[in-house]
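Structure first, then comments.
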Amino acid sequence: MILTNRKKESENLVGSFSDRVRLIVRKIPRGKTLTYKEVARRAGSPKAFRSVGTILSKNYNKDIPCHRVIKSDGQLGNYNRGEKMKEQLLRSEGVV
DNA sequence: TGGTTGACCAACT
DNA sequence: AAGTTGGCCAACC
């Protein structure tokens, strides 16, 4: 305990599942992509990847780069602004 | 309280 | 490579 009570201020504070998903996605750096499964895993429910998608679909906040969240298969997946836009954004950030 | 929905995943065809 | 099937889980009626 003497060392570190360093909490990561995001995964640790519990809100609802959707809140944590938003926080996690918000931390994705530019040029990096994360899978729905990974996000769900970090959010605390590894099998809730579908819910992650549902939540992101309802999220229109620009602070949350939801376009950086893709499928596990390497496909882009859907996007509320259009899949085409999603690809363009990712390429714009240098994602391969 | 219970059933339906969905920006998915993995396995199979 | 692309389509189908069953499963899984949180959110929304």
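Please read these numbers as outputs of a predicted model, since none were measured by experiment. Residue numbers begin at 1 in each chain, while the letters A, B, ... track the order of the sequences. Just so you know, these numbers use all the heavy atoms, side chains as well, and skip hydrogens, waters and symmetry mates.
- Remark: P of B/dA7 and CD1 of A/Ile64 are 16 Å apart, rounded to the nearest angstrom.
- Taking every side-chain heavy atom of A/Lys86 into account, B/dA7 is the closest of B/dC8, C/dA10, B/dA7.
- The nearest heavy atom of DNA chain B to A/Ile70 and to A/Thr54 marks one nucleotide each, and the one closer to the 5' end goes with A/Thr54.
- Which of B/dA7, B/dA10, C/dA10 sits closest to the side chain of A/Asn78 comes down to B/dA7.
- Atom CG of residue A/Leu34 and atom CD1 of residue A/Ile70 lie 8.5 Å apart, to the nearest 0.5 angstrom.
- Rounded to a whole Å, the CG atom of A/Leu34 is 15 Å from the C1' atom of B/dC9.
- The nucleotide whose nearest atom lies closest to any side-chain atom of A/Ser72 is, among B/dA7, B/dC9, C/dC9, B/dC9.
- Side-chain atoms of A/Phe49 lie closest to C/dG7 of the nucleotides C/dA11, C/dG7, B/dA7.
- For the pair A/Asn59 CG and C/dA10 C1', the interatomic distance rounds to 15 Å; values are reported in whole Å.
- Put simply, CZ on A/Arg22 is 14 Å from C1' on B/dA7, counting in whole angstrom units.
- Each of A/Gln75 and A/Ser18 has a nearest nucleotide on DNA chain C; the 5'-most of these lies closest to A/Gln75.
- Residues satisfying the salt bridge (charged side-chain N to carboxylate O under 4.0 Å, His left out) test with A/Asp19, not counting sequence neighbours, are A/Arg22.
- Atom CZ in A/Phe17 sits roughly 13 Å away from atom P in C/dC12 (whole-Å rounding).
- Base pairing of C/dG7 is made with B/dC8, judged by Watson-Crick or G-U wobble geometry with both donor-acceptor distances under 3.5 Å.
- One atom, CG of A/Asp19, and another, P of C/dA10, lie 14 Å apart when rounded to the nearest Å.
- Proximity of a side-chain donor or acceptor of A/Asp73 to a complementary backbone N or O of A/Gln75 within less than 3.5 Å is not detected.
- In this structure, B/dT1 makes no Watson-Crick or G-U wobble pair, since no nucleotide meets both defining distances under 3.5 angstrom.
- Atoms CE and CG, on A/Met85 and A/Leu90 in that order, are 10.5 Å from each other to the nearest 0.5 Å.
- Straight-line distance from the CG atom of A/Leu56 to the P atom of C/dA10: 15 Å, rounded to whole Å.
- Nearest to the side-chain atoms of A/Asp73 among the listed nucleotides C/dA11, B/dA10, C/dC8 stands B/dA10.
- The phosphate of C/dC12 has OP1 or OP2 within less than 4.0 Å of a side-chain N or O from A/Lys58.
- Of all the heavy atoms in A/Lys37 and A/Ser72, the pair that sits closest is CB-OG, 3.6 Å.
- Relative to the side chain of A/Tyr36, the nucleotides C/dC8, B/dC8, B/dA10 differ in distance, and B/dC8 lies closest.
- Listed candidates were C/dC9, B/dC9, B/dA7. Nearest to the side chain of A/Lys47 is C/dC9.
- Proximity of A/Ser57 to the phosphate of B/dA7: a side-chain N or O atom is located under 4.0 Å from OP1 or OP2.
- Under 4.0 angstrom from either OP1 or OP2 of C/dA10 there lies at least one side-chain N or O belonging to A/Ser45.
- Spacing between atom CD of A/Glu38 and atom C1' of B/dC9 amounts to 13 Å, rounded to whole angstrom units.
- With B/dC9, B/dA10, C/dA10 as the candidates, the nucleotide lying closest to the side chain of A/Lys37 is B/dA10.
- A/Lys86 contributes a side-chain N or O that, together with a main-chain N or O of A/Val69, makes up a donor-acceptor pair within less than 3.5 Å.
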